[in-house]
Novice: 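First the structure, then my questions, so here it is.
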Amino acid sequence: MKIVADLDLCQGHGMCEDTAPEVFRVVESEDGSYDQVEIILHEPDSGLHEKVDSAVRYCPNRALKIQ
Amino acid sequence: MSDQPRPKTVSGAKPEIGHYDDFMEHAAHFLYRAYQECGELAEFDLFGAKHVLLSSADAQEAVYRASDDQVSAAAPYQYMVPVFGEGIQYGAPVETERQQVRFMSDGLRPKRMKTYAQVIAEEVEDYISDWGDEGEKEFHDTFKELVLRTSTHCLMGSEFRHRLNDEFGELFEQLEHAISPEAVIDYQSEAEAFSTRDEARARLQEMLMKSVNERLAANAAGNEPPTDMLQSFLDARYKDGEAMDHELIPGMIIWIMFGGFHTSSNTAAWACLELARHPQYQREVIEEVDKVYGNGEDLSFAALRELPITEGFVMETLRLHPPLLTLMRQVVNQPFEYKGNVFEVGTNLVISPYVSHRLPEHFPDPERFDPHRPQPDHLFALIPFGGGRRKCVGNAFAFLQVKSILTALLSRYELSLVDAPESYREVMPSLILRPSSPCNLRYTRRK
């Protein structure tokens with residue numbers, strides 16, 4: 001599993017961080033606009049896959065993808 | 001002459017006014033005709049202002065991914081400035097506006113959404129508690145009243161919500177009346193709708209400021225701050241550490257209400273109309289709702305997220321009946337290029353969810369309501385909330401709200417049509433598409 005984020009789409013809602021905090025973190029952006037997702041674990045081990053799937057599914061902007 | 005490609009022009013332009021008459025008559029139908037005549041890129045003219053309708057997922061993506069210094073949202077939407085106020089949204093520099101939408105996103109974080117889910121569920125339960133075993137209602141107005149309660153509660157807290165009277169809704173309607181094709185041409189004209197708009201805005205400022213000041217006093221007295229949007233705006237900080245000018249907070253509330261109020265209530269009405277039109281799909285949704293209720297779960301945030309059939313139903317409702325007809329950008333600074341076509345500075349780029357959602361390459365047999373349609377792979381094909389960085393920040397809230405209304409209703413009642421099926425039409429009294437009036441539906445308690 002490899003996760004990628006499309007930052008053009010991210011609005012920093014933090015659904016992913018809420019669902020899988022081991023993998024995602026939402027951080028402030030430099031210009032003060034929307035906070036942005038930061039992927040802390042790009043290739044999480046299998047124990048986290050279910051959580052990551054939910055995080056990807058619940059992103060309101062479909063900004064996350066599993067490759 | 002170069003052989004550079006350029007858009008085809010829509011037929012029927014008149015001297016001076018261009019396509020204005022056709023646009024005014026029924027903007028959705030005009031735009032659909034524009035696409036049918038011209039294809040992906042269709043040029044039309046409104047009083048000398050050049051507009052290009054872009055109808056393909058790739059073209060939509062190109063516009064939505066373009067930065068603010070290539071395509072401006074503020075330029076074509078200046079008529080919103082008297083509605084939200086100077087210093088807010090497109091009445092502020094883009095650097096400020098970007099931070100203001102972040103304040104909204106902060107107010108919609110998961111922890112807050114969980115509270116809103118509860119508030120909405122309680123409001124809906126309360127609203128339908130005296131409906132009895134069966135009856136008929138005008139669903140468009142019913143949901144306007146209900147969504148006004150739920151949204152003011154989540155935005156302004158329970159004191160404001162319980163003080164709510166007819167005046168607040170009426171003032172909003174007066175603001176909305178001023179958002180019309182006339183406003184697009186000249187929002188500062190002497191027209192009566194515009195002076196009514198300015199008076200309504202001033203009165204709303206007064207009403208909302210009263211609540212802002214009460215909240216500030218309660219906070220200063222050391223009361224536990226409630227979870228609502230107002231508190232979120234009071235707590236928000238620009239990147240330089242400054243709080244918002246409190247006088248601007250009513251404008252933020254009006255802005256977010258404008259984004260969410262009639263769009264959500266309309267969608268709930270359309271969804272109920274489609275449920276009544278399609279008994280077989282209604283049964284599927286009811287079955288899913290019963291599973292959640294049957295488990296003894298309340299309508300929590302988590303439970304409402306796990307309703308794929310209901311969600312598909314709402315998404316198909318939004319596909320066929322997107323509340324917002326168009327989303328506009330204006331080319332700024334330098335010409336904007338798409339597939340070799342060059343759009344000069346000042347050109348208005350028009351994206352129409354109404355048209356995009358009827359493109360046969362993504363939605364075969366587009367006029368058919370089919371909640372089982374797979375979501376298109378292309379991220380920019382299905383765009384009821386727009387796309388990219390400027391996508392509607394409240395989209396998850398909107399889904400939560402509409403699903404909450406539908407699940408509460410369907411756990412008790414079945415819905416059916418009252419009038420002849422063909423009498424329910426799609427009308428466009430303003431720039432929002434809505435079901436024709438009256439939108440009467442019958443509800444019958446489930447056995």
Novice: Can you tell which of G388(B), S67(B), A396(B) has the highest number of heavy-atom pairs within less than 4.5 Å of chain A?
Specialist: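 Maximum pair count with chain A is reached by G388(B).
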Novice: Under 4.5 Å heavy-atom distance to chain A, tell me which part of F380(B) shows up: side chain, backbone, both or neither.
Specialist: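 Side chain only.
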Novice: Apply ring-ring contact (aromatic ring centres under 6.0 Å, His included) to F261(B) and list each qualifying residue two or more places apart in sequence or on a separate chain.
Specialist: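 F261(B) satisfies ring-ring contact (aromatic ring centres under 6.0 Å, His included) with no other residue.
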Novice: Is there a donor-acceptor pair closer than 3.5 Å between any side-chain N or O of R62(A) and the backbone N or O of L379(B)?
Specialist: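 The answer is no, because no donor-acceptor pair under 3.5 Å joins these two groups.
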Novice: Using the test side chain to side chain donor-acceptor pair (under 3.5 Å), find all partners of E97(B) that sit at least two apart in sequence or belong to another chain.
Specialist: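 Listed in chain order: R390(B).
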Novice: Heavy-atom distance under 4.5 Å to chain A: side chain of M104(B), backbone, both or neither?
Specialist: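 Neither part.
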Novice: For chain B, which residues from residues 12-29 of chain A lie under 4.5 Å away (heavy-atom distances)?
Specialist: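 Residues G12(A), H13(A), G14(A), M15(A), D18(A), T19(A), V26(A) are the ones that qualify, each having a heavy atom under 4.5 Å from chain B.
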Novice: Would you check, one step at a time, whether the test side chain to side chain contact (heavy atoms under 4.5 Å, CB included) holds for K391(B) with N61(A)?
Specialist: CA-CA 8 Å; K391(B) 181 175 172 175; N61(A) 290 347; 3.4 Å; yes
Novice: Does any heavy atom of chain A fall under 4.5 Å from the side chain of D240(B), the backbone, both, or neither of them?
Specialist: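 For D240(B), there is no contact with chain A at all, as no heavy atom is under 4.5 Å.
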Novice: Heavy-atom cut-off 4.5 Å, strictly under: side chain, backbone, both or neither for Q375(B) against chain A?
Specialist: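 Contact with chain A is through the side chain of Q375(B) alone.
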Novice: Could you tell me whether R305(B) sits above the aromatic face of Y58(A), with NZ or CZ closer than 6.0 angstrom to the six-membered ring centre and within 45 degrees of the axis?
Specialist: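 Cation-pi check for R305(B) and Y58(A): passes.
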Novice: Indicate yes or no: does D31(A) engage R98(B) in a salt bridge with an N to O separation below 4.0 Å.
Specialist: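 Result for this pair is yes, salt bridge flagged.
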Novice: Side chain of Q11(A), backbone of S105(B): donor and acceptor closer than 3.5 Å?
Specialist: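 Flag not set: sc Q11(A) to bb S105(B) has no pair under 3.5 Å.
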Novice: Using a heavy-atom cutoff of under 4.5 Å, enumerate the residues of residues 1-9 of chain A that contact chain B, numbered in order, or state 'none'.
Specialist: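 If one takes a 4.5 Å heavy-atom cut-off, the residues of residues 1-9 of chain A near chain B are D6(A), L7(A), D8(A), L9(A).
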Novice: Taking E30(A), R57(A), Q36(A) one by one, which has the highest count of heavy-atom pairs under 4.5 Å against chain B?
Specialist: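 Of E30(A), R57(A), Q36(A), Q36(A) has the most heavy-atom pairs under 4.5 Å with chain B.
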